[in-house]
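Report on the structure given below.
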Amino acid sequence: DYVRCHKETKYIFLSSGAVYGGKYEEPVNENTVAMIDINNLDSTDWYTVAKLYAEAKHRSLSDLPIVDIRVFNYFSHTQNMDARFLITDIVRAIKNKEVFKTSAENIVRDFITPPDFYRLIQAIIDYSPINLALDCYTKASVSKLDLLANFESKFGVQYKINKSVDIINATGAKLNYYSVNKAAGVIGYSPAYGSLDGVLQEISNVIVKRSW
């Protein structure tokens, strides 16, 4: 109701990369089609459907300045380090001087961190009113094994590949959960960091600010 009366005001909605559904055997791009088995919905599909519904509703209001930001992977030194995600699990291993155990599957992720997320938000604010969805991305994605090798070198984390490790995947297993759709560049977004550099900086901030 507010943006109907104030169409210069931008409505920015946090969507998710999960909106695409599917197994993410390859990263998504501008031609990727959302995949939902509507006759056999699993609990891992519920979040996808919720985001898909929200985005569809926003696109139907095409005259209103609504931008959906699809967040795939985000990491900040200010977030809850007790949450069960790959990076937070590694941070706790560093803190507690424990061996980090992980599966042999070498997943690939593109972690956007606060500086580049800020750049994306500012680009939307500075641009003329639009109605569309944009995927988050950085300069480069990173594989799990490359992350671990760098964490070992920089922070001394010890890790062990264990085929029997259970991995939490609330929205389903995702081998390449990131996007190569660079549509946000059209509105002026230009990332300054790759996933590895951004995550290393944020973890350094965690260690310094929390006096570990």
Side-chain angles (χ1 to χ4, degrees), residues 12-20 24 27 44 46-48 50-51 54 67-103 105 107-125 133-159 165-174 176-179 184 189 191-212:
I12 299 174
F13 176 80
L14 289 186
S15 187
S16 169
V19 73
Y20 287 100
Y24 299 88
T44 56
W46 299 342
Y47 186 66
T48 294
K51 292 300 185 183
V67 177
D68 300 324
I69 298 179
R70 295 172 181 151
V71 181
F72 288 77
N73 310 277
Y74 176 84
F75 181 68
S76 167
H77 68 276
T78 63
Q79 73 189 70
N80 179 11
M81 295 301 150
D82 291 325
R84 291 301 314 277
F85 298 103
L86 172 64
I87 302 297
T88 51
D89 285 351
I90 296 172
V91 169
R92 288 196 304 277
I94 296 171
K95 173 187 175 184
N96 299 324
K97 296 180 171 58
E98 298 173 343
V99 176
F100 175 71
K101 297 178 181 179
T102 188
S103 69
E105 187 176 51
I107 61 175
V108 180
R109 298 291 185 262
D110 191 7
F111 294 96
I112 194 168
T113 51
D116 278 335
F117 192 70
Y118 169 82
R119 286 181 177 86
L120 178 56
I121 296 293
Q122 193 62 56
I124 295 169
I125 291 172
L134 299 171
D135 292 352
C136 286
Y137 60 90
T138 72
K139 280 188 171 181
S141 58
V142 65
S143 72
K144 179 178 68 175
L145 294 183
D146 281 344
L147 271 178
L148 289 172
N150 278 273
F151 291 164
E152 181 181 42
S153 174
K154 189 171 181 65
F155 304 114
V157 66
Q158 299 179 53
Y159 64 93
V165 170
D166 283 333
I167 305 298
I168 295 177
N169 289 304
T171 57
K174 301 176 179 68
N176 293 286
Y177 186 53
Y178 65 102
S179 176
Y189 168 63
Y193 297 93
S195 292
L196 180 59
D197 291 340
V199 169
L200 288 174
Q201 181 59 54
E202 291 302 305
I203 290 182
S204 296
N205 289 341
V206 171
I207 294 172
V208 170
K209 294 190 176 182
R210 301 197 182 191
S211 302
W212 290 353

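Residues: numbered from 1 along the sequence shown.
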Checking the side chain of D110 only, and the main-chain atoms of F72 only, is there a donor and an acceptor separated by less than 3.5 Å?
no

Assess whether side chain to side chain contact (heavy atoms under 4.5 Å, CB included) is satisfied between T138 and Y178, documenting all intermediate values.
CA-CA 10 Å; T138 72; Y178 65 102; over 6 Å; no

Do Y193 and V199 touch side chain to side chain, with heavy atoms closer than 4.5 Å?
no

Please answer whether the main-chain N or O of S76 pairs with a side-chain N or O of E202 as donor and acceptor at a distance below 3.5 Å.
no

Side-chain contact, heavy-atom cut-off 4.5 Å: Y74 with L14?
no

Once you round to the nearest 0.5 Å, how far does NZ of K95 lie from CD1 of I203?
14.0 Å

Side chain T113, main chain F75, donor-acceptor under 3.5 Å:
no

Sequence neighbours excluded, the answer for side-chain contact (heavy atoms from CB on, under 4.5 Å) partners of A192 is D116, R119

Is the CD atom of Q158 crowded by more than 12 outside heavy atoms at less than 6.0 Å?
no

Check the pair D197, Q201 against side-chain hydrogen bond (donor to acceptor under 3.5 Å, both in side chains), reporting the backbone distance first and the verdict last.
CA-CA 6 Å; D197 291 340; Q201 181 59 54; over 6 Å; no

Would you say the side-chain atoms of Y189 pair up with the backbone N or O of Y137, donor to acceptor, closer than 3.5 Å?
yes

Quick one: does any side-chain atom of K144 pair with a main-chain N or O of S103 as donor and acceptor, under 3.5 Å?
yes

Between L147 and L196, is there a side-chain heavy-atom distance shorter than 4.5 Å?
yes

Set of salt bridge (charged side-chain N to carboxylate O under 4.0 Å, His left out) partners for D68, sequence neighbours left out:
R59

Any donor-acceptor pair under 3.5 Å from R92 side chain to A83 backbone:
yes

